[in-house]
Amino acid sequence: MSLEEQKVELSKLGVQESKKEKKTQKKGLADLPRVDGEVVLRFAPNPSGPLHIGHARAACLNQEYVKHYGGKLILRVEDTDPRRVDPEAYQMIPEDLKWLKVDWQEEVIQSDRIKIYHQYAEELIGLGQAYMCTCPGDEFKTLKDRCQACPCRDQSPEENLELWKKMPEMREGEAVLRVKTDLNHKNPAIRDWVAMRIVEKEHPRIGDDFKVYPMMNFSVAVDDHLMGVTHVLRGKDHLANSEKQKYLYQHFSWKIPEFIHYGRLKMEDIALSTSQARKGIEDGVYQGWDDPRLGTIRAIARRGIMQEAIQELMLEIGVKIADSTVSWKKIYGLNRNLLEDKSNRYFAVLNPVKVEIQGLPESLKGNIERLKHPDYPDGGVRELPFDGVVYLDQEDLENNRSKVLRLMDAVNIFIGDEVTYHSASLEEARKSDARIVHWVPSSSNYQVELVMPDARISNGLIEPASHEIKVGDVVQLERVGFARLDSIKDDKLTFYYAHK
RNA sequence: GCUCCGGUAGUGUAGUCCGGCCAAUCAUGUCGGCCUUUCGAGCCGAUGACUCGGGUUCGAAUCCCGGCCGGAGCACCA
């Protein structure tokens, strides 16, 4: 019996269909679980370098949720490991966030709060939920793997407090403060994790005021609680950490925030972590953090990718826990949609070959005007002086041997042993099935350099009106592709190529 | 190895919680055609996916079991 037939039969019997309402599906981002009024979210990077595309996901999503529910976003710089701090990152992170158009209402740096973590550590000892452990790491691990307590675990809070006070005088590795969890927890990683440890290394930002530093799991949980964070968006690599942190919340009788874990974001052709990128920069393989081959926000920005494209992409990817691989084609597609309407057009010829058109009627020489944007005449025109001597792309010449070629908005030429004037009108060009190509006047042009995504450089010439392009603008070099003006030096413009 | 988690078109994503309206959404890509003084855009069309095998059920992308594949964690990093 089909569903319809069943319904008919049921209604004959007088049975009403019970309506189970399904959640109405909104477009866009999935709802956050258990939202009660406004939300407090945080973006909490480690200052080990500039932000990369993976950070952009967390930042954009946090931003979007705050916008959607109301509330605030906290920027929290997590620099509790002096060895993993790049001092420049303190500037680079806010810069990158601004480029991403992410706003935060509060900003804290964890190295300003070491004393707070010490206070809570002490309190936890007082509660009997943490103990000073002086076991060598490997011995503790052996015991832990067997679900056995180490001798230190039975110390009284007083004994622990005494050791805690001495901790600043101890050497690195001699002692740690452990949080009591469950020694029988099936994941050994969760068992009695480290809350505080000794680091004998000057902190790049706060110097050597402290030797006892919190572990990320401790400072994060304390801060999330103190700052009233309601929802924690983090990568699934933090799954075990979320569980570790839950013990701390329970020990302090704090309300546990909602943890949401998203999957790994890979980027096509870019498998570079911050540390690998750093090494490449130090070794001179990459020119810097904004080398076009890197997956950093600044590299992507430099390539002419718009913030909106990244934003759209991140919203689309959302928070699901399955991993995803971002393809450049997807980014290019989104970006092209944004750029198409607002990018002015210019002629740039790569691999230029100088061509003198023989037999060009004098009357056809003069200034040629062409719309800056074919769809928007109000955007104005650029002028190209045309005197019969032009630069053409070597490839266009080679591909059109013994054929008619039309120079856009100018004349039709024939590519024989010499290049000769053929005709003037577009109709003639159509009749001859001529390819229509861009060109650069030989009498007036600038040098141009185009840096490709793989960092290779193409050289050529660009039309004179290009002087009006501002650094940072993205334009379309006709028949070449979209490119962002990166710098102007003397008479040379350097563009970074985005995509077709 | 141990613990946990995933697998929808080339890529991303909706649908999975609560089985039927899903011969499965949208985006991007790709391929045709039209159009266009750009190889860009636009218009029209096409393409293409529920990891596999069992089970439950009238009915499974959706629930259960197993396989396969993939990922994360197993730090005195974050």
Side-chain angles (χ1 to χ4, degrees), chain A residues 1-7 20-23 25 27-28 30 44-48 78-81 83-85 110 133 136-137 140-141 144-145 172-178 185-191 193-199 213 215-217 219-220 234-241 243 261 263-266 268 274-275 312-313 315-318 320-337 339-341 343 345 347 370-371 373-375 396 406-410 412 425-427 429-430 434-438 476-482 499-500:
Chain A
M1 212 185 284
S2 77
L3 181 63
E4 279 313 307
E5 290 167 326
Q6 291 174 52
K7 281 182 182 166
K20 223 179 333 181
E21 74 250 42
K22 267 197 168 175
K23 220 195 281 174
Q25 201 53 46
K27 276 177 199 141
N46 166 239
S48 58
E78 308 210 321
D79 57 347
T80 52
D81 180 0
R83 292 188 223 279
R84 286 192 38 150
V85 169
Q110 288 192 315
C133 177
F140 179 86
K141 187 181 184 334
K144 179 190 77 173
D145 287 346
E172 188 164 328
E174 275 182 4
V176 293
L177 180 72
R178 290 188 183 279
H185 196 288
K186 53 183 172 174
N187 184 354
I190 309 291
R191 300 172 195 158
W193 51 271
V194 175
M196 308 287 292
R197 82 314 197 167
I198 298 160
V199 184
Y213 285 92
M215 295 291 287
M216 165 267 186
N217 275 309
S219 50
V220 161
R234 52 167 60 139
K236 70 176 187 183
D237 45 326
H238 287 294
L239 238 14
N241 292 323
E243 200 165 346
H261 300 96
R264 301 265 293 187
L265 195 61
K266 281 173 291 198
E268 204 179 46
T274 301
S275 56
E312 272 180 54
L313 178 70
L315 258 40
E316 182 173 325
I317 293 172
K320 55 181 241 174
I321 197 160
D323 296 346
S324 35
T325 305
V326 174
S327 74
W328 282 105
K329 282 186 174 174
K330 175 79 183 185
I331 295 182
Y332 293 162
L334 294 173
N335 203 51
R336 190 181 300 115
N337 291 341
L339 251 28
E340 168 59 27
D341 271 355
S343 298
R345 270 61 169 169
F347 287 162
R370 185 168 168 83
L371 287 176
H373 191 118
D375 302 333
D396 283 335
R406 176 162 181 83
L407 308 187
M408 280 187 210
D409 279 328
N412 310 319
S425 72
L426 181 60
E427 289 65 37
R430 293 236 165 90
R435 183 103 222 175
I436 299 165
V437 303
H438 61 295
Q476 192 202 61
L477 305 176
E478 297 196 57
R479 300 211 308 139
V480 175
F482 293 93
H499 47 78
K500 265 279 181 234

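Every chain is numbered from 1 and lettered A, B, ... according to where its sequence line falls, protein lines coming before strand lines.
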Worked check of side-chain contact (heavy atoms from CB on, under 4.5 Å) between A:D375 and A:E340: CA-CA 10 Å; A:D375 302 333; A:E340 168 59 27; 3.8 Å; yes

With the criterion being N/O to N/O and under 3.5 Å, what pairs connect the protein with nucleotides 8-10 of chain B, and how long is each?
none

Suppose we call a contact any N or O donor and acceptor under 3.5 Å apart; does that hold for the side chain of A:E268 and the base of B:rU11? no

What's the [atom1]-[atom2] distance between [X] and [N], to the nearest Å?
| X | N | atom1 | atom2 | answer |
| --- | --- | --- | --- | --- |
| A:N241 | B:rC77 | CG | P | 12 Å |
| A:R234 | B:rC5 | CZ | P | 17 Å |
| A:E312 | B:rA27 | CD | C1' | 9 Å |
| A:E478 | B:rU36 | CD | C1' | 12 Å |
| A:D237 | B:rA75 | CG | P | 15 Å |
| A:I436 | B:rU38 | CD1 | P | 6 Å |
| A:K236 | B:rG73 | NZ | C1' | 10 Å |
| A:D323 | B:rU13 | CG | C1' | 15 Å |

Set out, in order, the CA-CA distance, both residues' side-chain angles and the distance that settles side-chain contact (heavy atoms from CB on, under 4.5 Å) for A:R406 and A:L426, then state yes or no. CA-CA 8 Å; A:R406 176 162 181 83; A:L426 181 60; 3.6 Å; yes

Please classify the nucleic acid contact of [X] as base, sugar-phosphate, or nothing, using heavy-atom distances under 4.0 Å.
| X | answer |
| --- | --- |
| A:V194 | sugar-phosphate |
| A:D375 | base |
| A:H261 | nothing |
| A:I317 | sugar-phosphate |
| A:R336 | sugar-phosphate |
| A:E340 | base |
| A:D81 | sugar-phosphate |
| A:M215 | sugar-phosphate |
| A:N335 | nothing |
| A:R84 | base |
| A:P45 | nothing |
| A:Y332 | nothing |

Considering only nitrogen or oxygen atoms on both sides, find all protein atoms under 3.5 Å from nucleotides 46-52 of chain B and state each distance.
none

Donor-acceptor pair, side chain of [X] and main chain of [Y], under 3.5 angstrom:
| X | Y | answer |
| --- | --- | --- |
| A:H499 | A:G481 | no |
| A:R84 | A:S48 | no |
| A:N217 | A:A195 | no |

[atom1] spacing across the pair [N] / [M], given as an integer number of angstrom:
| N | M | atom1 | result |
| --- | --- | --- | --- |
| B:rC18 | B:rC64 | P | 9 Å |
| B:rG29 | B:rC21 | C1' | 30 Å |
| B:rC65 | B:rC5 | P | 12 Å |
| B:rU62 | B:rC50 | P | 12 Å |
| B:rG48 | B:rC4 | C1' | 34 Å |
| B:rA27 | B:rA23 | C1' | 22 Å |
| B:rG12 | B:rA49 | C1' | 13 Å |
| B:rG19 | B:rA61 | P | 13 Å |

Mind checking whether [X] and [Y] have side chains closer than 4.5 Å, heavy atoms only?
| X | Y | answer |
| --- | --- | --- |
| A:Q476 | A:L339 | no |
| A:K500 | A:Y332 | no |
| A:L239 | A:I321 | yes |
| A:F140 | A:R178 | yes |
| A:V437 | A:L407 | yes |

Output yes when A:R234 and A:E78 qualify as a salt bridge under the 4.0 Å nitrogen-oxygen rule, no when they do not. no

Taking 4.0 Å as the cut-off, does a side-chain nitrogen or oxygen of [X] come that near to OP1 or OP2 on [N]?
| X | N | value |
| --- | --- | --- |
| A:S324 | B:rU11 | no |
| A:R264 | B:rA72 | yes |
| A:R345 | B:rG40 | no |
| A:S48 | B:rC77 | no |

Please step through side-chain contact (heavy atoms from CB on, under 4.5 Å) for the pair A:K320 and A:K236, ending with a clear verdict. CA-CA 10 Å; A:K320 55 181 241 174; A:K236 70 176 187 183; over 6 Å; no

Can you list the stems that include RNA chain B, where a stem is three or more consecutive Watson-Crick or G-U pairs with distances under 3.5 Å? B:1-7 with B:68-74, B:10-12 with B:26-28, B:29-34 with B:42-47, B:51-55 with B:63-67

Let me confirm one number: the [atom1]-[atom2] distance from [X] to [Y], rounded to the nearest 0.5 Å.
| X | Y | atom1 | atom2 | answer |
| --- | --- | --- | --- | --- |
| A:I198 | A:Y213 | CD1 | OH | 12.0 Å |
| A:R345 | A:R370 | CZ | CZ | 9.5 Å |
| A:I436 | A:N412 | CD1 | CG | 8.5 Å |

Take A:N337 and A:R197, find for each the nucleotide of RNA chain B with the closest heavy atom, and name the residue whose nucleotide sits nearer the 5' end. A:N337

Per [X] side chain, nearest of listed nucleotides [options]:
| X | options | answer |
| --- | --- | --- |
| A:R370 | B:rU37, B:rC74, B:rU13 | B:rU37 |
| A:A189 | B:rA27, B:rC5, B:rC74 | B:rC74 |
| A:R406 | B:rG12, B:rU37, B:rU3 | B:rU37 |
| A:T80 | B:rG12, B:rU37, B:rA78 | B:rA78 |

Could you walk me through whether A:M216 and A:D81 pass side-chain contact (heavy atoms from CB on, under 4.5 Å), step by step? CA-CA 8 Å; A:M216 165 267 186; A:D81 180 0; over 6 Å; no

